[in-house]
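Read through the structure below, which is laid out as structure tokens, and then see the notes.
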Amino acid sequence: MPWSNQNGGGGPWGGGGGGNNQGPWGQGPNRPRGGGGGGGGNGGPPDLEDILRRSQDRLKGFMPGGFNGGAVAVVFLAVLAFLAFESIYTVQPDERGVELRFGKPKEELSMPGLHFHLWPFETVEIVKVTEQQQNIGARSSATNSNAGWMLTGDQNIVNVQFSVLFTVTDPRAYLFNVEAPAQTLQQVADSAMREVVGRRPAQDIFRDAREGMSTQVRDIIQGTMDRYGAGIAINAVPIEDAAPPREVADAFEEVQRAEQDEDRIVEEANRYANQKLGGARGQAAQVREEASAYRDQTVNEAQGEAQRFVSIYDQYVNAPDVTRERIFIETMENVLKNSNKVIIEQGQNVVPYLPLNEINRPAAAQGGN
């Protein structure tokens with residue numbers, strides 16, 4: 001070999017076969033003496049085999065039953081810890097848990113709190129049971145999605161955006177009766193809204209009957225999900241927005257402004273009609289009251305005259321002469337009390353012509369001046 005000629009047949013560390021067998025630091029490799037120190041003598045490097053051997057001895061001292069028995073115990077404890085970690089679960093206040101034993105759901109539900117099940121033979125599915133909201137329809141005018149575009153009963157196209165507010169009433173049915181309950185609910189809600197919108201004119205979805213349409217859609221969704229046995233209760237289906245296509249948006253807005261003006265004018269006309277009708281009804285009530293009062297007055301006067309005549313007649317039957325004279329006197333009193341009278345005593349000379357009518361005229365003329 002090449003180094004044999006230089007070193008006298010020695011090895012790569014400069015030593016020959018029969019030489020002193022020195023190492024690269026000018027000395028031969030050291031050997032441990034009686035399990036002594038790990039460092040080499042005379043400043044040599046530490047022995048790696050010795051370090052590994054001492055580390056194993058220390059590890060055996062810590063593990064009961066030696067290295068092999070301690071490893072089994074560690075593995076067993078790790079498996080127990082993993083099983084305990086997987087077997088304990090927590091249910092939040094707004095959730096319910098459904099435990100499955102070999103894939104079959106149990107009858108009882110896990111209420112909020114800390115629970116334990118035998119994993120891996122038992123597993124648990126957590127379901128949120130409080131009110132949830134699912135939005136349906138395109139939320140941005142910039143999107144190219146056709147979600148929310150619907151055909152109305154009068155052949156118009158509208159973009160309807162609405163939400164479905166629901167709660168989970170039966171977690172087991174929600175998990176296992178329908179494969180994808182959230183997706184199924186979205187499809188059913190979209191179909192129900194298209195059905196209702198397709199039977200109505202566009203004006204109903206814009207302003208006039210939006211609340212009634214929401215109620216109809218909610219009933220249709222609830223009936224369909226009940227037939228599926230999904231365990232869902234639909235609380236409300238609010239229609240958040242309904243817009244026409246951008247190409248005809250200006251025309252729709254113009255129509256809406258005209259309808260608003262029409263409603264305003266009709267409202268003013270109704271207010272004017274109510275004002276006039278109220279005045280006419282008041283006048284009619286006044287006329288009726290006056291007529292009723294006149295009727296009562298006339299009837300009462302007639303009844304009083306009749307009673308007076310009956311009373312006079314009764315007196316006339318008892319004393320006809322006296323009653324006749326009294327009636328004559330009262331009649332003459334009523335006839336003569338407002339006429340001009342000139343009384344001439346008997347036995348006086350009376351001028352054949354006397355202008356009796358002119359006597360009171362000067363007095364009347366003086367009173368007028």
Side-chain angles (χ1 to χ4, degrees), residues 78-140 143 145-148 150 159-197 210-241:
V79 171
L80 287 181
F82 180 75
L83 290 176
F85 178 78
E86 292 292 336
S87 299
I88 298 175
Y89 65 94
T90 303
V91 179
Q92 301 298 328
D94 60 341
E95 298 175 342
R96 297 294 183 271
V98 180
E99 293 186 1
L100 290 80
R101 179 175 297 168
F102 298 106
K104 181 179 180 181
K106 296 182 179 180
E107 294 294 334
E108 64 276 5
L109 298 177
S110 299
M111 304 305 290
L114 192 65
H115 298 273
F116 177 83
H117 67 293
L118 298 177
W119 187 88
F121 307 105
E122 295 180 351
T123 57
V124 62
E125 295 288 343
I126 304 297
V127 180
K128 185 178 179 181
V129 296
T130 55
E131 186 175 71
Q132 305 177 47
Q133 178 175 348
Q134 188 168 12
N135 299 324
I136 301 176
R139 296 294 161 187
S140 175
T143 181
S145 176
N146 293 326
M150 303 180 185
N159 182 13
V160 181
Q161 301 174 9
F162 64 99
S163 302
V164 179
L165 303 179
F166 67 96
T167 55
V168 177
T169 57
D170 189 349
R172 292 200 318 128
Y174 179 79
L175 290 173
F176 302 104
N177 288 355
V178 181
E179 182 177 358
Q183 183 178 0
T184 302
L185 176 61
Q186 181 177 2
Q187 295 175 354
V188 170
D190 185 74
S191 176
M193 182 60 72
R194 293 181 184 275
E195 177 183 352
V196 174
V197 171
R210 183 175 293 187
E211 184 176 357
M213 295 176 66
S214 298
T215 303
Q216 293 181 8
V217 173
R218 180 181 63 82
D219 295 339
I220 294 174
I221 297 174
Q222 186 66 67
T224 304
M225 300 307 290
D226 289 343
R227 288 194 300 271
Y228 291 166
I232 293 176
I234 307 300
N235 299 332
V237 184
I239 299 177
E240 300 173 357
D241 189 18

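Computed from heavy atoms alone, side chains included, the values below leave out hydrogens, waters and symmetry copies.
- Glu195 contributes atom CD, which lies 4.0 Å from atom CD1 of Ile220 (distance to the nearest 0.5 angstrom).
- Rounding to the nearest 0.5 Å gives a distance of 9.5 Å between OG1 of Thr90 and CD of Glu95.
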query: Yes or no on side-chain contact (heavy atoms from CB on, under 4.5 Å) for Thr130 and Lys128, after CA distance, side-chain angles and deciding distance?
result: CA-CA 6 Å; Thr130 55; Lys128 185 178 179 181; 3.2 Å; yes
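- From Ser191, atom OG reaches atom CD of Gln187 across 9.5 Å, with rounding to the nearest 0.5 Å.
- Of all heavy-atom pairs between Val164 and Ala189, the closest is CG2-CB, 3.7 Å.
- Residue Gln183 places its CD atom among 12 or fewer non-hydrogen atoms of other residues, nucleotides or ligands, all under 6.0 Å distant.
- For Met111 against Val91, the heavy-atom pair with the smallest separation is O-CB, 3.5 Å.
- Looking at every heavy atom in both residues, Val178 comes nearest to Ala230 through CG2-CB, 3.8 Å.
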task: Using the side-chain contact (heavy atoms from CB on, under 4.5 Å) rule, take Phe166 and Ile221 through it: C-alpha gap first, then chi angles, then the decisive distance, then the call.
output: CA-CA 11 Å; Phe166 67 96; Ile221 297 174; over 6 Å; no
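- Looking only at atom types and distance, the side chain of Arg227 has a donor-acceptor partner in the side chain of Thr224 under 3.5 Å away.
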- request: I would like to know whether Arg172 and Leu109 meet side-chain contact (heavy atoms from CB on, under 4.5 Å); could you show each step before the answer?
  value: CA-CA 8 Å; Arg172 292 200 318 128; Leu109 298 177; 3.9 Å; yes
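- Using modelled atom types, one side-chain atom of Thr184 and one backbone atom of Ala180 make a donor-acceptor pair closer than 3.5 Å.
- Crowding of Tyr228 atom OH: a count of heavy atoms from other residues, nucleotides or ligands under 6.0 Å not exceeding 12.
- Glu131 contributes atom CD, which lies 12.5 Å from atom CG of Asp94 (distance to the nearest 0.5 angstrom).
- Using modelled atom types, no side-chain atom of Thr167 and backbone atom of Val129 make a donor-acceptor pair closer than 3.5 Å.
- How far CD of Glu211 is from CD of Gln216: 11.5 Å, rounded to the nearest 0.5 Å.
- Within the model, atoms CG of Leu185 and CD of Gln134 stand 4.5 Å from one another, a figure rounded to the nearest 0.5 Å.
- Taking each heavy atom of Val168 and Tyr174 in turn, the nearest pair found is CG1-CB, 3.8 Å.
- Nearest heavy atoms, Met150 versus Asp190: CE-OD1, 4.0 Å.
- Judged by distance alone, the side chain of Thr169 and the main-chain N or O of Gly231 form a donor-acceptor pair under 3.5 Å.
- A side-chain donor from one of Glu99 and Tyr89 sits under 3.5 Å from a side-chain acceptor of the other.
- Looking at heavy atoms from C-beta onward, Ile126 lies in side-chain contact with Val124 at the 4.5 angstrom threshold.
- When every heavy atom of Glu240 is checked against every heavy atom of Gln133, the shortest pair comes out as OE2-NE2, 3.7 Å.
- For the residue pair Gln222 / Asp226, a side-chain donor-acceptor distance below 3.5 Å is found, with atom types taken as modelled.
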Worked check of side-chain contact (heavy atoms from CB on, under 4.5 Å) between Val197 and Val217: CA-CA 9 Å; Val197 171; Val217 173; over 6 Å; no
